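By convention in this document, chain letters (A, B, ...) are assigned in the order of the sequence lines, proteins followed by strands, and residues within each chain are numbered from 1. Since this is a predicted model, take the numbers as computed values, not measurements.
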Amino acid sequence: MTNYFWFGVFPYISLVVFFLATIRRYRTESFSYSSLSSQFLENEQHFWASVPFHYGILTVLGGHILAFLCPQMILGWNAVAARLIALEVTGLAVAILTLVGLINIVIRRLRFPKARRVTTAGDWFIYGGLLVQVVTGIGISINHGWGSSWFATSLTPWLWTLVKFNPDVSYITPMPLMVKAHIINAFLIILVFPFTRLVHILVVPNPYLWRKTQVVIWNWDRNRIRKSN
Amino acid sequence: MDVRSQVSMVFHLDKCIGCHTCSVACKNVWTDREGTDYMWWNNVETKPGTGYPTRWEDQDAYKGGWVSDGKELSLRSTSKSKLVPNIFHNPAQPSMDDYYEPWTYRYEDLFNAPEGDDQPTAKPVSMVTGEYIDIEAGPNWDDDLGGSEIYAKNDINMEDLSPEQRQQMLSIERMAFFYLPRICNHCLNPACVASCPSGALYKRGEDGIVLVNQDVCRAWRSCIPACPYKKTYYNWSTGKSEKCILCFPRLESGQAPACMHSCVGRIRYLGNVLYDADRIAEMALLPDDQLVEAQREMILDPFDPKVIAAAKANGISDGIIQSAQKSPVYKFLKVWKIALPLHVEYRTFPMLFYVPPLLPVMSMTQGDVVKNDLDELFADIDKHRAPMAYLGKMFTGGNIGKLRYALRKQVAVRVWRRHVTVGDIDEIKARQALAEADTTPDEATAIYKLSALAGFEERFVVPPFQREMAIEMLEDPHEYRANAGFGSRTSPKRS
Ligand code: SF4
Ligand code: SF4
């Protein structure tokens with residue numbers, strides 16, 4: 001029953017809250033969507049904190065998404081032992097990079113009074129959540145090797161049963177405790193996501209790549225005026 | 001021809017008394033909030049000096065503005081390919097230490113102190129952390145050459161001077177300085193707008209005011225390094241960038257911006273000009289010393305029937321065209337050619353122009369006597385205390401000819417007025433001075449009147465914004481009823 005709640009019900013709760021609350025926040029409080037950068041207040045350690053963390057976490061996240069979307073590809077890659085080991089080692093290295101960045105973030109926020117001043121309770125909660133997530137992730141990869149393969153064979157099918165609204169928790173029940181903690185914590189982060197600074201991930205500025213260099217906004221309709229002449 | 005109207009400004013530097021009233025007026029109206037405490041959308045610097053933020057003109061360090069290779073224009077601080085790395089950590093981003101840490105005093109200590117032999121003191125506390133601080137810098141730390149060994153000496157504009165000129169400029173007897181009030185220039189080719197990954201910054205089409213949409217800004221901080229004038233600021237509390245809004249709510253209701261309205265020296269002029277937006281891209285590629293002329297060329301003659309027709313076709317109303325014809329900026333900039341842009345070589349085409357200051361030698365000591373020398377007072381500008389190379393670096397992209405022209409004309413106006421009012425310069429000499437400076441008695445009189453006598457209405461020709469009509473074309477006004485005026489119904493708080 002507990003398993004059913006955490007792996008069959010809780011993910012839905014967290015996703016529903018995620019979607020409703022982010023959309024609501026975007027529509028009514030667009031102002032609050034900000035990365036809330038503190039680089040202005042402390043400019044040295046920021047590099048050693050933000051850069052490794054962001055590159056690390058994005059790569060790790062990308063790996064998880066890839067294993068979810070294309071499990072066959074991962075399994076195919078892992079068919080050769082050397083490639084499997086290379087993937088595992090890379091994954092671990094990137095995870096450690098993330099951890100280093102995250103620890104630096106926390107130290108920086110504690111050590112510099114100006115940075116501490118702009119760190120809210122929500123921020124501390126998120127740092128805690130992310131620390132648990134990264135540490136359990138690294139723990140899994142050390143203790144329960146070949147995660148890239150068993151993610152693709154066990155977790156991906158479970159996630160797809162969630163997508164199909166027919167959750168089958170039997171994939172998860174036999175998993176070690178650390179894996180379960182990793183999953184529950186992941187959905188916890190998704191649950192609180194809309195209420196924290198993490199929302200900045202949703203507003204990454206891709207239009208920059210294709211918009212015109214200068215932005216000019218008219219408060220009247222020039223074309224209409226031109227045509228009426 | 002794509003004719004647009006731009007609200008533009010002239011600051012007459014010979015008149016600035018360095019009182020900072022403008023800065024305080026602006027601060028009281030717009031930046032008296034947490035997170036904006038260190039911002040001075042309007043600030044006044046002493047030149048030579050390092051300014052605010054410290055050495056902002058050093059683009060090797062701050063990476064502001066554009067560079068041109070003759071074919072293409074690119075931002076110094078960012079590009080599409082640098083988007084990703086810059087977003088995580090922007091190497092060119094200045095930090096609070098480059099400005100100063102805002103502070104206040106524990107005034108209550110004065111009242112709460114126990115009785116004792118000493119006067120109680122109010123200790124300074126940081127407005128960021130609330131802890132006691134040692135004040136190390138402020139927004140006008142080098143005022144009146146304060147600490148000139150540290151500040152004036154490090155003025156980047158002195159780079160091209162010979163060691164001798166430098167020494168002369170800083171030696172106590174010749175010590176020359178003037179004030180440089182600065183606000184956002186509401187540029188024609190704004191680097192801040194071009195750099196913003198979110199597209200939060202924009203230029204208003206109908207008046208050229210450059211704004212940051214607070215609902216779209218995500219604190220990617222690109223605009224702060226990109227603006228070569230360092231006139232976009234990061235609000236450390238809300239996590240949004242903010243900048244001078246040219247008091248658009250005041251302009252829209254026909255009032256002059258707060259800094260201009262309050263200016264004690266009456267150095268400020270505001271009016272709109274018509275310009276050709278099609279030519280910006282091509283003009284911005286020209287070499288440094290041609291940029292002043294290029295920018296002047298883009299500003300169109302509001303009396304030319306062709307310009308008027310093209311303006312109307314673009315939706316510019318008769319009222320705005322008429323106010324462009326009355327604009328004091330147009331006179332200073334195009335007719336008299338005595339107003340110059342600040343650091344035109346940054347290629348943003350700033351739309352705030354400066355009448356460069358004259359720094360004549362007023363008197364000299366000869367032995368024990370101080371001699372006031374009239375001939376010196378109206379002497380050739382090359383004998384003035386600030387070397388041409390110094391002013392040229394600031395105002396003409398190194399084109400000394402344009403600078404001389406502006407200064408000569410100003411000297412000629414003074415010679416002419418001296419002839420008219422005091423009469424100790426004879427007419428032939430005075431007319432000769434005018435002719436040499438490419439001006440006439442009529443023009444000199446007009447320059448004198450607008451510089452010295454102009455009243456409020458002549459200094460500020462606020463164009464009719466017709467906001468109410470403009471809005472109706474795009475939006476249903478009923479939908480925006482009871483709106484705070486900024487399109488936002490929630491209070492700007494960090495969440
Ligand atoms: S001066 Fe103003 S308009 Fe020009 S680049 Fe800077 S912030 Fe933008
Ligand atoms: S209020 Fe006017 S005179 Fe005083 S510092 Fe500002 S610009 Fe100069």
S.K.: Would a 4.5 Å heavy-atom cut-off, applied to side chains only, mark B:D215 and A:E29 as touching?
M.R.: no

S.K.: Not counting sequence neighbours, list each pair that qualifies as a side-chain hydrogen bond (donor to acceptor under 3.5 Å, both in side chains) and has a residue in residues 48-63 of chain A.
M.R.: A:S50-A:H54

S.K.: Under the ring pair (Phe, Tyr, Trp, His ring centres under 6.0 Å) rule, what do B:Y99 and A:F40 come out as? Steps first, then yes or no, please.
M.R.: CA-CA 10 Å; B:Y99 302 76; A:F40 179 70; 5.6 Å; yes

S.K.: Name the region of B:S222, side chain, backbone, both or neither, that has any atom closer than 4.5 Å to a heavy atom of chain A.
M.R.: neither

S.K.: Examine whether an atom of B:N213 lies under 4.5 Å from a heavy atom of chain A, and if so say whether it belongs to the side chain, the backbone or both; otherwise answer neither.
M.R.: neither

S.K.: Search all heavy atoms of B:E206 against all heavy atoms of A:I217 and return the closest pair with its distance.
M.R.: OE2-O, 3.6 Å

S.K.: Taking C-beta and beyond as the side chain, do A:K114 and B:W236 meet within less than 4.5 Å on heavy atoms?
M.R.: no

S.K.: B:P94 versus chain A, heavy atoms under 4.5 Å apart: side chain, backbone, both or neither?
M.R.: backbone

S.K.: Which one, B:P190, B:P91, B:A277, B:S126, leads in non-hydrogen pairs under 4.5 Å with chain A?
M.R.: B:P190

S.K.: Of the non-hydrogen atoms in A:Y208 and B:L83, which two are nearest, and what is the gap between them?
M.R.: CD2-CD1, 3.8 Å

S.K.: I'd like to know which of B:E101, B:Q214, B:K80, B:E131 tops the heavy-atom pair count under 4.5 Å against chain A.
M.R.: B:K80

S.K.: Measure B:I280 against the heavy atoms of chain A and call it side chain, backbone, both or neither at under 4.5 Å.
M.R.: neither

S.K.: Give the minimum heavy-atom separation between B:A219 and A:S35, together with the two atoms involved.
M.R.: O-OG, 3.1 Å

S.K.: Could you have a look at A:E44, A:H200, A:K212, A:R211 and say which one has the most heavy-atom pairs with chain B under 4.5 angstrom?
M.R.: A:R211

S.K.: Determine whether A:E42 and B:S95 make a side-chain contact, defined as any pair of heavy atoms from C-beta on separated by less than 4.5 Å.
M.R.: no

S.K.: When rounded to the nearest 0.5 angstrom, what distance separates CZ in A:F53 from CZ in B:F88?
M.R.: 10.0 Å

S.K.: Heavy-atom distance under 4.5 Å to chain A: side chain of B:Y38, backbone, both or neither?
M.R.: side chain

S.K.: Is there a side-chain contact between A:F31 and B:K240 in this structure, where contact means two heavy atoms from C-beta onward sitting under 4.5 Å apart?
M.R.: yes

S.K.: Less than 4.5 Å to any heavy atom of chain B: does that hold for the side chain of A:Y26, its backbone, both, or neither?
M.R.: side chain

S.K.: For A:L36 and B:T238, work out which heavy atoms get closest and say how close.
M.R.: CD2-O, 3.5 Å

S.K.: Of the backbone (N, CA, C, O) and the side chain (C-beta and beyond), which part of B:N90 lies under 4.5 Å from a heavy atom of chain A, both, or neither?
M.R.: both

S.K.: Does atom OH (B:Y132) have a neighbourhood of more than 12 heavy atoms from anything else shown, all under 6.0 Å?
M.R.: yes

S.K.: Is any side-chain heavy atom of A:Q39 less than 4.5 Å from a side-chain heavy atom of B:R221?
M.R.: yes

S.K.: Taking side chain as everything from C-beta outward and backbone as N, CA, C, O, which of these in B:R204 sits under 4.5 Å from a heavy atom of chain A? Side chain, backbone, both or neither.
M.R.: both

S.K.: Calculate, to the nearest 0.5 Å, the distance between atoms CE and CG belonging to B:M96 and A:N43 respectively.
M.R.: 12.0 Å

S.K.: Looking only at the side chains, is there a donor atom on one of A:Q214 and B:N189 sitting less than 3.5 Å from an acceptor on the other?
M.R.: yes

S.K.: Shortest non-hydrogen contact from B:R4 to A:W218?
M.R.: NE-CZ2, 3.7 Å

S.K.: Would you check if B:T129 and A:R116 make a side-chain contact, meaning some heavy-atom pair closer than 4.5 Å?
M.R.: no

S.K.: Using a cut-off of under 4.5 Å on heavy-atom pairs, state which of B:S198, B:G199, B:C196, B:G130 scores highest against chain A.
M.R.: B:C196

S.K.: Mind checking salt bridge (charged side-chain N to carboxylate O under 4.0 Å, His left out) for B:K63 and listing every partner two or more places apart, or none if nothing turns up?
M.R.: none

S.K.: On a heavy-atom basis, which atom in B:V193 and which in A:V215 lie closest, and how many Å separate them?
M.R.: CG1-N, 3.4 Å

S.K.: Using the side-chain contact (heavy atoms from CB on, under 4.5 Å) rule, take B:Y234 and A:S37 through it: C-alpha gap first, then chi angles, then the decisive distance, then the call.
M.R.: CA-CA 9 Å; B:Y234 183 67; A:S37 164; 3.7 Å; yes

S.K.: Between the side chain of B:R218 and the main-chain N/O of A:V203, is any donor-acceptor distance below 3.5 Å?
M.R.: no

S.K.: Sort B:S195 into side chain, backbone, both or neither according to what part of it lies under 4.5 angstrom from a heavy atom of chain A.
M.R.: backbone

